[in-house]
Amino acid sequence: MEQYVYSQPVLEWMTVCTEFCKQLEQCEGTERADFVEVMRVCLPMLYLKTSLLKKADDLPGFTEDHVTEDDYEYIRRCVATVMAEGDDYLDAFVEDFKYSEEPVLRTVSEDLADVYQAVRNAVETFREGHEEAMQVAVGEAIDSFETYWGGRLLSALRAIHDVRFTI
């Protein structure tokens, strides 16, 4: 177990997760162009490092949620303010689109807050230093990446790309 949670891929992933969280937590007052450039680097790296992780043996249990509703809302609100009119985008790659002919209106701020929530929970579990919980946290992060936040990250990145090169 110790070999897994302290392996190079896991530690590199945790480094990127920590930097991503730091950038979101400190984005208040940031210029949109600066924030967009940072996210254009952070998001692909986070996607890559997460997709390179291999799951270890499943351990029973689950990790605590460390991100509160207030934390989530703070991140969402800060990103929305920084992104301003670049926050909204239309997305055709969501479940709701199957039942509609119209693309769904989404926001970069909500997508990034969703990614933040999953990633920050893992970072906090690692800070606590309990190896079994750390292994469970990596497994949970991989599972939720595959089913939820990986897609949110890609959608946000596409919208950020459009802001960078069209607005």
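With Phe20 as the fixed residue, the side-chain contact (heavy atoms from CB on, under 4.5 Å) test singles out one of Val123, Val38, Val115, Leu153: Val115.
Panel note: side chain Gln23, backbone Cys42; no donor-acceptor pair is recorded below 3.5 Å. A distance-only check finds a donor-acceptor pair linking the side chain of Asn121 to the backbone of His66 [under 3.5 Å].
Here Arg77 contributes atom CZ and Tyr72 contributes atom OH; the two are 12.5 Å apart, rounded to the nearest 0.5 Å. Atom SG of Cys78 is separated from atom OH of Tyr116 by 10.0 Å, given to the nearest 0.5 angstrom. Going from atom SG of Cys27 over to atom CZ of Phe35 covers 5.0 Å, rounded to the nearest 0.5 Å. Atoms CG and CD, from Leu53 and Glu12 in turn, are 9.5 Å apart once rounded to the nearest 0.5 Å. Atom CZ of Arg32 is separated from atom CE of Met39 by 14.5 Å, given to the nearest 0.5 angstrom. Between Leu46 atom CG and Thr15 atom OG1 the span is 12.0 Å, to the nearest 0.5 Å.
Linking ILVMFWY side-chain heavy atoms closer than 4.5 Å, directly or via other members, places Tyr148 and Leu24 in a single hydrophobic cluster. Under the 4.5 Å side-chain heavy-atom criterion for Ile, Leu, Val, Met, Phe, Trp and Tyr, Leu11 and Tyr47 are members of the same hydrophobic cluster. Both Tyr6 and Trp13 belong to a single network of hydrophobic side chains, linked directly or stepwise wherever heavy atoms of I, L, V, M, F, W or Y lie under 4.5 Å apart. Residues Leu48 and Ile142 are members of separate hydrophobic clusters, defined by side-chain heavy-atom contacts under 4.5 angstrom among Ile, Leu, Val, Met, Phe, Trp and Tyr.
Applying the salt bridge (charged side-chain N to carboxylate O under 4.0 Å, His left out) test to Glu28 and every residue at least two apart in sequence or in another chain returns nothing. Glu19 pairs by the salt bridge (charged side-chain N to carboxylate O under 4.0 Å, His left out) definition with Lys22, not counting sequence neighbours. Taking the salt bridge (charged side-chain N to carboxylate O under 4.0 Å, His left out) definition, one finds that Arg40 meets it with Glu37, sequence neighbours left out. Residues passing the salt bridge (charged side-chain N to carboxylate O under 4.0 Å, His left out) test with Asp143, sequence neighbours excluded: Lys55.
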* To do: Report the C-alpha distance between Ser155 and Asp111 in whole Å, list the side-chain angles of each, state the deciding distance to 0.1 Å, and finish with yes or no for side chain to side chain donor-acceptor pair (under 3.5 Å).
  => CA-CA 8 Å; Ser155 293; Asp111 287 344; 4.9 Å; no

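Pairs of residues two or more places apart, or lying in two chains, that qualify as salt bridge (charged side-chain N to carboxylate O under 4.0 Å, His left out) and include a residue from residues 63-74 are Glu73-Arg76. Under the salt bridge (charged side-chain N to carboxylate O under 4.0 Å, His left out) criterion, the residue pairs touching residues 113-122 are Glu25-Arg120, Asp114-Arg152, Arg120-Glu124, with sequence neighbours excluded.
Of all non-hydrogen atoms in Arg164 and Val36, the two that sit nearest each other are CB-CG1, 3.7 Å. When every heavy atom of Ala156 is checked against every heavy atom of Tyr89, the shortest pair comes out as N-OH, 4.0 Å. Minimum heavy-atom separation, Thr63 to Ala133: CG2-O, 3.6 Å. In terms of heavy atoms, Val16 sits closest to Met45 at CG2-CG, 3.5 Å. Summarising the geometry of Val108 relative to Gly86, their closest heavy-atom pair is CG2-O, 4.1 Å, with the distance given to 0.1 Å.
Residues Cys17 and Phe126 form no side-chain contact, since every pair of their non-hydrogen atoms from C-beta on lies 4.5 Å or further apart. In this structure, Leu43 and Leu112 have side chains that are in contact, with non-hydrogen atoms separated by less than 4.5 Å. In this structure the side chain of Tyr4 reaches within 4.5 angstrom of the side chain of Val138, judged on heavy atoms. Side-chain contact check for Ser109 versus Asp87: some heavy-atom pair is nearer than 4.5 Å. In this structure, Val119 and Trp149 have side chains that are in contact, with non-hydrogen atoms separated by less than 4.5 Å.
Aromatic ring pairs are classed by plane angle as parallel below 30°, tilted from 30° to 60° and perpendicular above 60°; the pair His161 and Phe165 is tilted.
Using a 4.0 Å cut-off between a side-chain N of Lys or Arg and a carboxylate O of Asp or Glu, Arg106 and Asp88 do not qualify as a salt bridge.
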